[in-house]
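We count residues from 1, following the sequence as given.
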Amino acid sequence: GGDAPPGAQLALFGDLPAGPAAGPGLRLAPLPAPAPPPVHDVRRLSYTALALFARCPYRYFAERALGLSPAAAERSGESGGPLAATEVGDAVHRLLELVPLAAPAAPPRPELDALVRGWYPAVTGEELDRIAALVDAYCGSSLARRVAALPGARPERPFAFEHDGVLLHGRLDVLWREGSRALVVDYKSNALEGARPAAVVEQEYRLQRLVYALACLRDGAGEVEVVYQFLERPEDVVGAVFTAADRTVLEAELSEAIARIRAGEFPPTPSEHACAGCPALDLVCAGPRLPGRG
């Protein structure tokens, strides 16, 4: 119709009009910028992760947030090299699980050697001697005799509880409960290299220890004794007692640690022990050579 000649085709794909659209239109409010994601949104923490964070937050970030593997010195010796310190510790703990708590005695040496070779075929004779000596150290210790006198003491007890939206979980090497009292024993196969066990616990295992205490206090214990035994020096045990009155302080310290992790506070705290096998060492961290670290 209109002025178009008869039979003419209307333009279906003509040019759009230039300039702003006529009419009132509708202007939407600009969307707010999204909040930056957290550096590390932690939802689960094992007791070993907490110990690593206490030892060196930067190494914790490299391994637990970025997923970097420990350096070669800390990896498996299955290809013929020496076992990692973690593997020696794993063998010791697995053997101690087989030791009857009520009558502590190491497996006979041929059986012990066969077990460890089954787990780690590349283990050397020298490493077998060290592993056997660490197991014997517990079995012959005053702490072993104390645990043997406690009816109901059990090895490898799992625990889990939630705090500030984070699931804390792990295993207790030994747990004894009677009424409102609890005893937690943690074996350590670390090479102390002259360090005092009490200083090592305070520096590297303080957060781990408070998690052990909270696990028992939240389970109804009124008094919890947490004992660390470094098998290299089995009589120099490090113990601390916590009661229900300490729970608020312990939870506040745990909350502070979780807040530091969520805030992305990962300063390097190098030491010979913390830096050994760290995947960030000499790549993005100078370790013991950092200025002011000595």
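In this structure a side-chain-to-backbone donor-acceptor pair under 3.5 Å is present from Asp246 to Thr243. Checking side-chain atoms of Arg171 against main-chain N and O of Glu156 turns up a donor-acceptor pair under 3.5 Å. Thr269 contributes a side-chain N or O that, together with a main-chain N or O of Arg55, makes up a donor-acceptor pair within less than 3.5 Å.
Rounding to the nearest 0.5 Å places CD of Glu253 at 6.0 Å from CG of Leu207. The CD atom of Glu97 sits 9.0 Å away from the OH atom of Tyr187 when rounded to the nearest 0.5 Å. Rounding to the nearest 0.5 Å places NE2 of His169 at 7.5 Å from CG of Leu45. Here the straight-line distance linking atom CD of Glu193 with atom OG of Ser271 works out to 9.5 Å at 0.5 Å rounding. One distance of note links CG of Leu281 with CZ of Arg59; it measures 9.0 Å at 0.5 Å rounding. Interatomic distance, CG of Leu112 versus CG of Leu95, reported as 4.5 Å (0.5 Å rounding).
A continuous path of ILVMFWY side-chain contacts below 4.5 Å connects Leu50 to Phe161, so both sit in one hydrophobic cluster. Placement of Leu98 and Leu101 within a single hydrophobic cluster is found when ILVMFWY residues are connected by side-chain heavy-atom separations under 4.5 Å, directly or transitively. Hydrophobic clustering places Leu66 together with Phe266 (ILVMFWY residues linked when any side-chain heavy atoms are closer than 4.5 Å, directly or through intermediates). Clustering ILVMFWY residues whenever any of their side-chain heavy atoms sit less than 4.5 angstrom apart, transitively, puts Tyr60 in the very cluster that holds Leu68. By the criterion of side-chain heavy atoms lying less than 4.5 angstrom apart, applied directly or through intervening Ile, Leu, Val, Met, Phe, Trp or Tyr residues, Leu134 is grouped together with Trp119 in one hydrophobic cluster.
Take Arg233 and apply the salt bridge (Lys or Arg N to Asp or Glu O under 4.0 Å) test, not counting sequence neighbours, and it matches Asp236. Taking Glu202 as the reference, Arg206, Arg209 meet the side chain to side chain donor-acceptor pair (under 3.5 Å) condition, with sequence neighbours excluded. Checked against salt bridge (Lys or Arg N to Asp or Glu O under 4.0 Å), Asp173 has no partners two or more places apart in sequence or in another chain. Applying the side chain to side chain contact (heavy atoms under 4.5 Å, CB included) test to Asn190 and every residue at least two apart in sequence or in another chain returns Lys188, Tyr205, Phe230, His273. Residues passing the salt bridge (Lys or Arg N to Asp or Glu O under 4.0 Å) test with Glu235, sequence neighbours excluded: none. Residues meeting the side chain to side chain contact (heavy atoms under 4.5 Å, CB included) test with Ala114, sequence neighbours left out: none. With sequence neighbours excluded, the residues forming a side chain to side chain contact (heavy atoms under 4.5 Å, CB included) with Ala213 are Val226, Phe242, Leu250, listed by chain and number. Under the side chain to side chain contact (heavy atoms under 4.5 Å, CB included) criterion, Leu167 pairs with Arg44, Ala160, sequence neighbours left out. Evaluation of the salt bridge (Lys or Arg N to Asp or Glu O under 4.0 Å) rule for Arg177 yields Asp219 as partners, not counting sequence neighbours.
When all heavy atoms are compared, the tightest approach of His163 to Leu168 is CB-CD2, 4.0 Å. For Asp136 against Ala106, the heavy-atom pair with the smallest separation is OD1-CB, 3.3 Å. For the pair Val99 and Pro104, the tightest heavy-atom approach, listed with the atom from each and the gap, is CG1-CA, 3.6 Å. The shortest heavy-atom contact between Cys285 and Pro268 is SG-CB, 4.1 Å. The two residues Gln229 and Ser141 have their closest heavy-atom pair at NE2-OG, 3.1 Å. Pairing each heavy atom of Cys275 with each of Pro270, the nearest pair is SG-CB, 3.5 Å.
Counting only N and O atoms by type, the side chains of Tyr47 and Asp186 include no donor and acceptor under 3.5 Å apart.
Taking a 6.0 Å sphere around CZ of Arg218, one finds it holds more than 12 heavy atoms contributed by other residues, nucleotides or ligands. The neighbour count for Arg109 CZ, taken as heavy atoms of other residues, nucleotides or ligands under 6.0 Å away, is above 12.
Between Glu126 and Arg130 there is no salt bridge, since none of the side-chain N atoms of the basic residue sits less than 4.0 Å from a carboxylate O of the acidic one.
With a 4.5 Å cut-off between side-chain heavy atoms of Ile, Leu, Val, Met, Phe, Trp and Tyr, the cluster of Val284 takes in Tyr58.
Using a 4.5 Å heavy-atom threshold, the side chains of Arg260 and Phe53 count as touching. Side-chain atoms of Val88 and Tyr120, non-hydrogen and from C-beta on, never get closer than 4.5 Å to each other. At least one side-chain heavy atom of Glu63 sits less than 4.5 Å from a side-chain heavy atom of Pro279. Within the 4.5 Å cutoff, the side chain of Glu127 has heavy atoms near those of the Pro82 side chain.
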Result block: side-chain N/O donor-acceptor pairs under 3.5 angstrom for residues 144-155, not counting sequence neighbours:
| from | atom 1 | to | atom 2 | distance (Å) |
| --- | --- | --- | --- | --- |
| Arg145 | NH1 | Gly140 | O | 3.3 |
| Arg145 | NH2 | Ser142 | OG | 3.0 |
| Arg146 | NH1 | Glu225 | OE2 | 3.3 |
| Arg146 | NH2 | Glu225 | OE1 | 2.7 |

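Checked against Val166 for a side-chain contact (heavy atoms from CB on, under 4.5 Å), the options Leu254, Val42, Ile261 give a single hit: Val42.
Residue pairs that meet the side chain to side chain donor-acceptor pair (under 3.5 Å) test with at least one member in residues 274-286, sequence neighbours left out, are Asp282-Arg289.
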